[in-house]
Trainee: 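Input: one structure, supplied below.
Numbers for residues simply follow the sequence, beginning at 1. From a predicted model like this one, the values you see are computed outputs, not experimental measurements.
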Amino acid sequence: PEPAHHRRPVLLDDPSLAPRHAHIAQMEDGLFMVADAGTIAGTWVNFEPVGKEGHPLRHGDVVHFGQLIYRFELKDPPPPAEPKVESEES
């Protein structure tokens with residue numbers, strides 16, 4: 001998928017980060033994606049590594065860039081999902 005538009009880069013000053021560590025883009029469908037630039041320290045979403053192919057971001061996700069930790073929050077988050085209860089037949 002192609003990004004919907006580009007914005008200015010955000011600079012994070014930390015020795016654990018590469019000069020071009022990761023990229024976050026909003027896609028044409030409105031979803032956000034984060035992709036690592038092949039760094040040694042890596043980029044992680046909810047403790048899962050992110051590759052160059054990218055990973056979708058959802059409201060409340062925990063994102064690590066190297067040793068820095070952020071929470072991805074949307075300005076207008078979607079309503080919380082209703083819990084689903086399933087029973088197992090014995």
Trainee: Do Leu57 and Val50 belong to the same hydrophobic cluster, where Ile, Leu, Val, Met, Phe, Trp and Tyr are linked whenever their side-chain heavy atoms lie under 4.5 Å apart, directly or via other members?
Mentor: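 They do share one cluster, since a chain of ILVMFWY contacts under 4.5 Å joins Leu57 to Val50.
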
Trainee: Does a side-chain heavy-atom distance below 4.5 Å link Val34 with Val45?
Mentor: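 They are in side-chain contact.
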
Trainee: Measure the NE2-CG distance between His21 and Leu68 for me, rounded to the nearest 0.5 Å.
Mentor: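 Taking NE2 in His21 and CG in Leu68, the distance rounds to 8.5 Å.
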
Trainee: Is Val10 reachable from Val62 through a run of hydrophobic residues whose side-chain heavy atoms are each under 4.5 Å from the next?
Mentor: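 Each belongs to a different hydrophobic cluster.
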
Trainee: Counting N and O atoms only, with roles assigned by atom type, does the side chain of Asp36 sit under 3.5 Å from a partner on the main chain of Thr43, one being a donor and the other an acceptor?
Mentor: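 Yes, the answer is positive, given that a donor and an acceptor are paired below the 3.5 Å cut-off.
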
Trainee: Considering only heavy atoms from C-beta outward, does the side chain of Phe32 approach that of Ile24 to under 4.5 Å?
Mentor: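 Yes, side chains in contact.
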
Trainee: Testing the basics here: between Val63 and Phe72, what is the closest heavy-atom pair and its distance to 0.1 Å?
Mentor: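 Nearest pair, atom of Val63 first, then Phe72: CG2-CB, 4.3 Å.
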
Trainee: Considering only heavy atoms from C-beta outward, does the side chain of Glu86 approach that of Lys84 to under 4.5 Å?
Mentor: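 A side-chain contact exists here, since the closest heavy-atom pair is under 4.5 Å.
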
Trainee: Which pairs pass side-chain hydrogen bond (donor to acceptor under 3.5 Å, both in side chains) with one or both residues in residues 47-71, sequence neighbours excluded?
Mentor: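 The answer is Asn46-Asp61.
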
Trainee: Looking only at heavy atoms, what is the nearest atom pair of Ala41 and Ser16, with distance?
Mentor: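 Nearest pair, atom of Ala41 first, then Ser16: CB-O, 3.2 Å.
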
Trainee: Name each donor-acceptor pair under 3.5 Å that joins a side chain in residues 74-81 to protein atoms two or more places apart or in another chain, with its distance.
Mentor:
none

Trainee: Are Phe65 and Leu17 side-chain neighbours, meaning at least one heavy-atom pair lies under 4.5 Å?
Mentor: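 Result yes, sub-4.5 Å side-chain heavy-atom pair found.
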
Trainee: Supply the atom-to-atom distance Met33 CE to His23 NE2, rounded to the nearest 0.5 angstrom.
Mentor: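 Rounded to the nearest 0.5 Å, the CE-NE2 separation comes to 10.0 Å.
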
